[in-house]
Amino acid sequence: MEEPIEADKIKPKRKLTIVRLLFGGFFLWLILRSFFFQVMYIPSSSMRGTLHEGDYILVNKLAFGSRMPMTLFSLPFSGSETYLDWVIFGYHRAPGYSGVKRNDVLVFNLPGSNSLPIDIRKPFIKRCMALPGDTLEIKNGIIFINSKQTTGPQWIQQRYFIELKSGTDGEELIKRFEIQKAAPSADKIHYVIFATTYQLNQLRASGKLAVFSADHIDKKAYTNSLFPHDPNFKWNADFYGPLCIPQKGKPVQLNSKNISLYRSVIVDYEKNKLELKRDSVFINSEYAPSYTFKQDYFFVLGDNRYDSEDSRYWGFVPESHIIGKASMLLASSGPSRNFSLIH
């Protein structure tokens, strides 16, 4: 006759099984998040027109290849100024099934000379407008790539001045078409708005729009907060460039006039020492009339062009900073949104 199994002996086995399942589930989630897909939240209005604040998107890391940083840290040594001493051995990217294309919506870590490792810097999301080797120029708010005018997605927002017909409830109309105001209206008739072509056509079809015009920045206006932050390049958000995007293996001529365009690439991203002596450039103490880039770079813009901090402000996005491609809208804060692929 078999002896009955005591209940107290079964409970530890069940607990161990649950712990294993939880650990296995966490490990699987970590693998999927690190190398395959990641869900991200949209915190700002810079991609309005395509993505709104509060939206959740799926980031595809397989498209360009999963990035695998090799980062170690230790407790501070004597004299360390930071809590952790970071040791970076480099970044390796697995093969992807496609390269970055113009108009892809990219998720990347914020570029800059931040002392933190790349993979733990703040993630940003913008649309890729120019690829490595391209020459980008913005004229009167219109983007030209290699001297050819581009036709971006219909959801890109531009800034317009509008005048509504007398007697119109401007606030109700603005709310109905989900239009973002650039500034409050004093009389509820005159507005400066951020709107897509689709929204503008809705306003026109309503019969309430009296006058509208694109509200572009004057060509002579210089915005010193724009990259490369150099008065030799008197650019603004509507008149920008021409600017050549760095490409891996492609040399660029260097001189005292254009060095501000590529200083951050050479020093911050490719870890060289740069000096300017009179009209000559020296890299790692050697005279450098040219420089050959070690990786690819990209130029990105927000779809809400006049309310976006993007490449116009901080320059190029290095390939090593790219996390993946925003491929699908999972959940939205706005009504009647498209949950298919982001275009």
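FYI, the numbering just counts along the sequence from 1. Quantities reported herein were computed from a predicted structural model and do not represent experimental measurements. Only heavy atoms go into these numbers, but all of them, side chains included; no hydrogens, no water, no symmetry mates.
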Using 4.0 Å as the upper bound for N to carboxylate O, is an ion pair formed by [Y] and [X]?
X: Asp296; Y: Lys248; value: no
X: Glu319; Y: Arg93; value: yes
X: Glu172; Y: Arg176; value: yes
X: Arg312; Y: Asp310; value: yes

Between [X] and [Y], is any pair of side-chain heavy atoms under 4.5 Å apart?
X: Ile179; Y: Leu203; value: yes
X: Arg67; Y: Asp119; value: yes
X: Val300; Y: Leu106; value: yes

*Has Lys181 got more than 12 heavy atoms of other residues, nucleotides or ligands less than 6.0 Å from its NZ?*
yes
*Without hydrogens or angle criteria, can the side chains of Gln253 and Tyr291 be said to hold a donor-acceptor pair below 3.5 Å?*
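Tyr291 and Gln253 do not have a side-chain donor-acceptor pair below 3.5 Å.
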*So among Thr50, Asn103, Asp104, which one has a side-chain hydrogen bond (donor to acceptor under 3.5 Å, both in side chains) with Arg127?*
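Passing option: Thr50.
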*Identify which one of Lys126, Glu53, Gln157, Arg305 satisfies the side-chain hydrogen bond (donor to acceptor under 3.5 Å, both in side chains) criterion when paired with Ser46.*
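Result: among Lys126, Glu53, Gln157, Arg305, Lys126 is the only option passing the side-chain hydrogen bond (donor to acceptor under 3.5 Å, both in side chains) with Ser46.
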*asked:* Less than 6.0 angstrom from the centroid, inside 45 degrees of the normal: does Lys277 satisfy that with respect to the ring of Phe282?
replied: yes
_Main-chain N/O of Gly315 paired with Ser311 side-chain donor or acceptor, under 3.5 Å_ =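 Yes, because the side chain of Ser311 sits within donor-acceptor range (under 3.5 Å) of the backbone of Gly315.
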*Please confirm whether the backbone N or O of Lys273 pairs with a side-chain atom of Asn284, one donor and one acceptor, at under 3.5 Å?*
yes
*Does any pair with a residue in residues 218-258 pass ring-ring contact (aromatic ring centres under 6.0 Å, His included), and if so which ones, sequence neighbours excluded?*
Phe227-Phe316, Phe233-Trp235, Trp235-Tyr240, Tyr240-Phe299
*What about the rings of His321 and Tyr269, do their centers lie closer together than 6.0 Å?*
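Yes, the ring of His321 comes within the 6.0 Å limit of the ring of Tyr269, centre to centre.
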